[in-house]
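Below is one structure; the comments refer to it alone.
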Amino acid sequence: MRKISLLHNKPLLGGGLFILLLLIGSILYGLFSDPQEPQKVLLDENNNAVELAPFSPSTKFPLGSDLDGNNFLLKILEGAKFTIGLSILVAFFRMVVSFVGGYILYLLPGTFRRLLDGLANALHYAPVTIFTYVLIAPVILSFSWSYDTSTKVIFPMLVLILISVPVLSLYVQNELHLIAEKEFIESAKVMGGSHFQIFRKHMAPFLYPKLFVVFIQQVGQVLIVFAHLGLLNVFIGGSDVRIMEYDLEGEATIEVFSMSNEWAGLIAQNFQYVSSFPWMVLAPVTAFALTILAVNSIVYGLTHMYTYRKRRKKSIESSTHSVIREDSFHMKS
């Protein structure tokens, strides 16, 4: 019955398939595709130059190309595993750490817990992107020359994970307290169950579905933070700071490039060309928008699961209780 309800939950199924197919396609492309040389000049049948890179969207370049002539559709596909994959990893570890933190808060004495509640509530109104930028920028931008590539990838991930742990831990603790007020929990305590036994057998089954919905929501929130950080030239997945040229006074012109083609980096490094070559920004922005829409569809399908089950049940009941007319039968002589 649950499988049937999932198959009829179109928002959940559609959003999940979109993200799954995009991830699988990106991974397979990275594993089995051969790197192609960028094509900076389009030639006609007579080998005459027709167009110079960047190329506008066409049948050969569905999403256009970048300044070097790389197919933007393939760049989007290559960066999908980093953008979506890293957002899923960040959201997953956020939930794991917050789950442990929320359980510890639940076991703490009331006075100490209320003090931590006040501190965590203040973070609800804190701009996550600004705090993240302040913590990450010294490693990614200011002193990037002194850090290796692994540090540039791991450190921002740790910051993104830990920045939301206090708020999520408070959410887990509040949910545990709501479940602890149920009558069957009191009965389990009277029968001598320990804290861990009561949590594992009675509280966890009520908590896990809610945490799964929060996990999917966190994936969407992390994607939005990625986009914000990208506009600030902080690229999750690794960035490369290059000196493009020197002016007459000897000052260097520095540009930051994404090392993994993750979508926020593609938006930021091409934003200066939004007026001249708009497809170079619209392509990754559209990919971001569709992915966040897919994540929201999954959340909607999960939160309205009961509606789809009830609708399926009504359709089954209406089909089984249909009226049989007399003229549907023919008597044989």
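Along the sequence shown, residues carry numbers from 1. Atoms considered below: every heavy atom in the structure, side chains included; atoms not considered: hydrogens, waters and symmetry mates.
- With contacts defined as side-chain heavy-atom distances shorter than 4.5 Å, the pair Ile224/Thr129 does not qualify.
- Counting all heavy atoms, side chain and backbone alike, Val295 lies closest to Gly220 at CG1-N, 3.8 Å.
- Connection of Leu31 to Ile24 is established within a shared hydrophobic cluster, with ILVMFWY side chains joined at heavy-atom distances below 4.5 Å, either directly or through further cluster members.
- A heavy-atom distance below 4.5 Å is not found between the side chains of Leu178 and Phe206.
- Atom CZ of Phe55 and atom NZ of Lys60 lie 7.5 Å apart (nearest 0.5 Å).
- Phe215 and Ile88 get closest at one heavy-atom pair: CE1-O, 3.8 Å.
- Judged by distance alone, with hydrogens and angles left aside, the side-chain atoms of Thr132 form no donor-acceptor pair with the main-chain N or O of Leu160 at under 3.5 Å.
- Atom CE of Met280 and atom CD of Gln269 lie 8.0 Å apart (nearest 0.5 Å).
- In this structure a side-chain-to-backbone donor-acceptor pair under 3.5 Å is missing from Ser26 to Leu22.
- A heavy-atom distance below 4.5 Å is not found between the side chains of Tyr300 and Ser297.
- Taking every heavy atom of both residues into account, Ala287 and Ile76 meet most closely at CB-CG2, 3.9 Å.
- Distance check: Phe82 CZ to Leu89 CG gives 12.0 Å after rounding to the nearest 0.5 Å.
- Here the side chains of Pro54 and Trp279 are in contact, with some heavy-atom distance below 4.5 Å.
- Side chain of Asp66 to backbone of Gly69: a donor-acceptor contact under 3.5 angstrom is found.
- For Asn71 (side chain) and Leu73 (main-chain N/O), a donor-acceptor pair under 3.5 Å exists by modelled atom type.
- For Lys40 against Asp68, the heavy-atom pair with the smallest separation is CG-O, 3.3 Å.
- Remark: the backbone N or O of Leu223 is not paired with any side-chain donor or acceptor of Ser87 at under 3.5 angstrom.
- Gly230 approaches Ala268 most closely through the heavy-atom pair O-CB, 2.7 Å.
- Taking the side chain as every heavy atom from C-beta outward, Tyr106 and Met203 approach each other to under 4.5 Å.
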Worksheet entry | side-chain contact (heavy atoms from CB on, under 4.5 Å) assessment of Val172 paired with Tyr103 | CA-CA 7 Å; Val172 174; Tyr103 184 70; 5.7 Å; no
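- Leu232 and Val274 fall within the same hydrophobic cluster, defined by Ile, Leu, Val, Met, Phe, Trp and Tyr side-chain heavy atoms under 4.5 Å apart, directly or through other members.
- Taken together through direct or relayed side-chain contacts under 4.5 Å among Ile, Leu, Val, Met, Phe, Trp and Tyr, Phe271 and Leu63 form part of one hydrophobic cluster.
- Considering only heavy atoms from C-beta on, Val214 comes within 4.5 Å of Tyr171 through its side chain.
- Distance check, rounded to the nearest 0.5 Å: CG of Leu23 to CD1 of Ile19 gives 7.5 Å.
- Using a 4.5 Å cut-off on side-chain heavy atoms (C-beta onward), Phe99 and Tyr208 make contact.
- Both Phe131 and Val128 belong to a common hydrophobic cluster when Ile, Leu, Val, Met, Phe, Trp and Tyr are linked at side-chain heavy-atom distances under 4.5 angstrom.
- Nearest heavy-atom pair across Leu266 and Asn270 is O-ND2, 2.9 Å.
- Taking 4.5 Å as the limit, some side-chain heavy atom of Ile163 sits within range of a side-chain heavy atom of Arg94.
- Ile298 and Leu293 are members of different hydrophobic clusters when ILVMFWY side chains are connected at heavy-atom separations under 4.5 Å.
- Distance check: Gln218 CD to Ser98 OG gives 7.5 Å after rounding to the nearest 0.5 Å.
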Discussion item. Apply side-chain contact (heavy atoms from CB on, under 4.5 Å) to residues Tyr273 and Val281 and explain how you reach the verdict.
Written reply: CA-CA 8 Å; Tyr273 307 111; Val281 176; over 6 Å; no
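- Atom CG of Asn261 and atom CZ of Phe72 lie 8.5 Å apart (nearest 0.5 Å).
- Between the Trp263 side chain and the Thr83 main chain, no donor and acceptor come within less than 3.5 Å of each other.
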